[in-house]
Amino acid sequence: MIVSGSATSRSQVAYNSYMVSGDSEILIPRPDDAVVVVDPPGPGSGYWAGAPSAVAADGGVYLAYRLRRPVGSGRGYAVGIAFAADGVHFGAPLAVITKEELDTESLERPELIRLPEGGWRLYLSCATTGTRHWRVEVTDAAHPAEFDARNRSVVLPGDPRKRAVKDPVITYHGGQWHMWATIHPLADPDATDQMTTEYATSTDGLDWTWQGTALSGRPGEWDCRGTRVTAVRFGADGAYPVTAYYDGRASAAENYEERTGIALGSDPAALLAASRPGPGPVAASPYHNGGLRYLDLVDLPDGRTRLYYEMAQPDGSHALVTEIR
């Protein structure tokens with residue numbers, strides 16, 4: 001599908017069979033090509049391995065991910081960090097951070113960053129116990145195996161009464177830090193599953209200035225209940241130099257089983273959800289309720305790209321999978 005300016009509106013960008021933003025092809029997940037890299041921690045619905053954040057370095061791929069059990073059995077109980085030279089066979093994690101270490105009721109997607117000046121940073125999404133509120137904490141280390149949860153600080157506090165903030169997607173580009181974070185409203189107890197993605201900028205990746213809503217759901221569409229940006233790529237100059245992958249859902253019942261969509265933008269603060277011939281997302285699992293979410297991409301030194309994402313399995317569990325292009 002080729003994106004063209006003549007096929008755009010303020011709310012949508014149309015495409016056909018493959019996508020190009022600037023000079024970069026947009027990679028669409030192919031679940032049939034995916035292989036499992038982290039197994040679910042148990043069988044059945046609510047047992048998930050996923051929410052990946054991947055970084056290519058040191059001749060391989062570092063991968064941070066969340067492990068979860070069902071509600072009542074622990075929820076998001078740990079973040080693991082592992083390394084694989086081939087990007088597939090990760091083996092035992094280099095480090096594990098548990099929810100008890102962070103005084104949180106549940107953990108969600110981590111964000112692993114290699115700092116421009118050297119060293120590493122890990123952003124952690126933490127649920128405030130007994131509430132619907134989420135906050136983001138941060139810790140730095142010289143190496144991904146050395147993160148110490150005792151040396152951490154709150155970087156995105158949110159507001160316990162008004163909004164939860166979690167699942168940040170962060171990149172350093174053009175001499176500036178960019179962030180897309182998921183926001184859940186808290187004022188209405190029946191609406192806390194709704195979500196938008198807000199954009200912020202920073203000079204150091206710690207002190208952030210909010211710039212507004214970058215992406216929100218579209219009334220009547222498959223993503224009307226909420227949108228969560230999971231990966232962003234800056235491409236060459238063109239009509240849409242910013243490409244984002246996002247999770248969406250149409251109802252509260254689809255919470256935890258979001259599917260993947262594409263959004264494009266001429267500006268990182270204003271993303272336009274891409275439409276396609278016929279309704280629906282660009283990618284979904286062939287199993288269970290179709291959950292295919294938290295997609296991340298990492299470009300490899302040989303010119304190929306690895307996709308990592310969380311995908312529903314036949315028994316309702318979620319596995320962390322990868323494919324290569």
Side-chain angles (χ1 to χ4, degrees), residues 29 31 34-54 63-82 84 88 90-93 95-102 104-112 122-127 132 134 136 164 166-169 182 184 192-193 195 225-226 228-231 245-249 251-260 281 283-297 306-323:
V35 297
V36 174
V37 296
V38 182
D39 290 313
S45 183
Y47 287 99
W48 307 331
S53 176
L63 184 67
Y65 55 91
R66 178 264 297 119
L67 295 170
R68 189 185 189 278
R69 301 186 184 104
V71 174
S73 298
R75 293 179 64 189
Y77 65 91
V79 164
I81 302 171
V88 177
F90 285 92
V96 175
I97 298 173
T98 67
K99 69 175 188 175
E100 289 78 14
E101 294 177 84
L102 299 173
T104 179
E105 190 169 308
S106 186
L107 292 163
E108 201 47 89
R109 182 186 181 272
E111 177 75 328
L112 180 64
L122 184 66
Y123 297 84
L124 295 155
S125 296
C126 305
R132 302 289 182 90
W134 288 80
V136 176
K166 61 194 284 283
D167 300 332
V169 173
T182 300
H184 295 278
T192 58
D193 71 288
M195 56 188 181
R225 189 69 177 180
R228 172 177 57 220
V229 166
T230 66
Y245 294 79
Y246 73 94
D247 296 338
R249 59 173 176 260
S251 67
E254 293 178 356
N255 194 8
Y256 311 136
E257 299 294 344
E258 294 87 1
R259 294 157 294 165
T260 295
S285 171
Y287 306 120
H288 195 54
N289 293 323
L292 194 159
R293 59 188 200 148
Y294 285 116
L295 184 145
D296 196 16
L297 308 94
R306 273 209 173 274
L307 286 69
Y308 294 92
Y309 48 92
E310 180 179 317
M311 189 173 80
Q313 301 299 292
D315 67 352
S317 65
H318 290 186
L320 202 170
V321 305
T322 188
E323 53 176 289

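On a predicted model such as this, the values are computed, not experimentally measured, just so you know.
Counting only N and O atoms by type, the side chains of Tyr256 and Arg249 include no donor and acceptor under 3.5 Å apart.
Heavy atoms from other residues, nucleotides or ligands lying under 6.0 Å from OH of Tyr77 number more than 12.
Thr322 places a side-chain N or O within donor-acceptor distance of the main-chain N or O of Leu307, the cut-off being under 3.5 Å. Formation of a donor-acceptor pair under 3.5 Å by the Ser285 side chain with backbone atoms of Met311 is not found in this model. Between the Ser106 side chain and the Ala127 main chain, no donor and acceptor come within less than 3.5 Å of each other.
Not counting sequence neighbours, the partners of Ala319 by the side chain to side chain contact (heavy atoms under 4.5 Å, CB included) test are Val36, Pro40, Gln313, Val321. Annotation: side-chain hydrogen bond (donor to acceptor under 3.5 Å, both in side chains) contacts of Asp296 (sequence neighbours excluded): none. Listed by chain and number, the residues in a ring-ring contact (aromatic ring centres under 6.0 Å, His included) with Tyr309 amount to none (sequence neighbours excluded). Partners of Arg109 according to the side-chain hydrogen bond (donor to acceptor under 3.5 Å, both in side chains) rule, which considers only residues two or more places apart in sequence or in another chain, are Glu111. By the salt bridge (Lys or Arg N to Asp or Glu O under 4.0 Å) test, Arg306 pairs with no residue at all, sequence neighbours left out.
Of the inter-residue distances, the one linking Thr182 atom OG1 with Trp134 atom CH2 reads 10.5 Å to the nearest 0.5 angstrom. In this structure, CG in Leu292 is found 4.5 Å from OG1 in Thr260, a value given to the nearest 0.5 Å. Remark: Leu295 CG to Tyr246 OH distance equals 13.0 Å, nearest 0.5 Å. Annotation: the span from Leu63 atom CG to Leu320 atom CG amounts to 5.5 Å, rounded to 0.5 Å.
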Start with the C-alpha gap between Tyr65 and Val37, add the side-chain angles, then the distance that decides, and say whether side-chain contact (heavy atoms from CB on, under 4.5 Å) holds.
-> CA-CA 11 Å; Tyr65 55 91; Val37 296; over 6 Å; no
Decide side-chain contact (heavy atoms from CB on, under 4.5 Å) for Ile97 and Leu122; before the verdict, give the C-alpha distance in whole Å, the side-chain angles of both, and the deciding distance to 0.1 Å.
-> CA-CA 11 Å; Ile97 298 173; Leu122 184 66; 3.6 Å; yes
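Between Trp48 and His318, the ring planes lie parallel to each other; the angle is under 30°, not in the 30° to 60° tilted range.
Between Pro110 and Ser53, the closest heavy-atom pair is O-CB, 3.4 Å. In plain terms, the two heavy atoms of Pro43 and Asp315 that are nearest each other are CA-OD2, 3.6 Å. Contact detail for Ala312 and Tyr287: the closest heavy-atom pair is O-CD1, 3.5 Å. Ala34 and Glu323 make their closest contact through CA-CB, 4.2 Å (heavy atoms, listed as atom of the first residue, atom of the second, distance). Residues Gly290 and Arg259 approach most closely at O-CG, 3.3 Å, considering heavy atoms. Tyr123 and Pro168 make their closest contact through CB-CG, 4.2 Å (heavy atoms, listed as atom of the first residue, atom of the second, distance).
Between Tyr294 and the options Arg228, Glu310, Glu258, Arg66, a side-chain hydrogen bond (donor to acceptor under 3.5 Å, both in side chains) holds for only Arg228. Of the residues Arg68, Arg75, Lys99, Arg132, the one that meets the salt bridge (Lys or Arg N to Asp or Glu O under 4.0 Å) test with Glu105 is Arg75.
Taking the side chain as every heavy atom from C-beta outward, Asp167 and Ser125 approach each other to under 4.5 Å.
Counting only residues at least two apart or in different chains, salt bridge (charged side-chain N to carboxylate O under 4.0 Å, His left out) contacts with residues 34-54 are absent.
Of the charged side-chain nitrogens involved, none lies within less than 4.0 Å of a carboxylate oxygen, so that Glu254 and Arg225 do not count as a salt-bridged pair.
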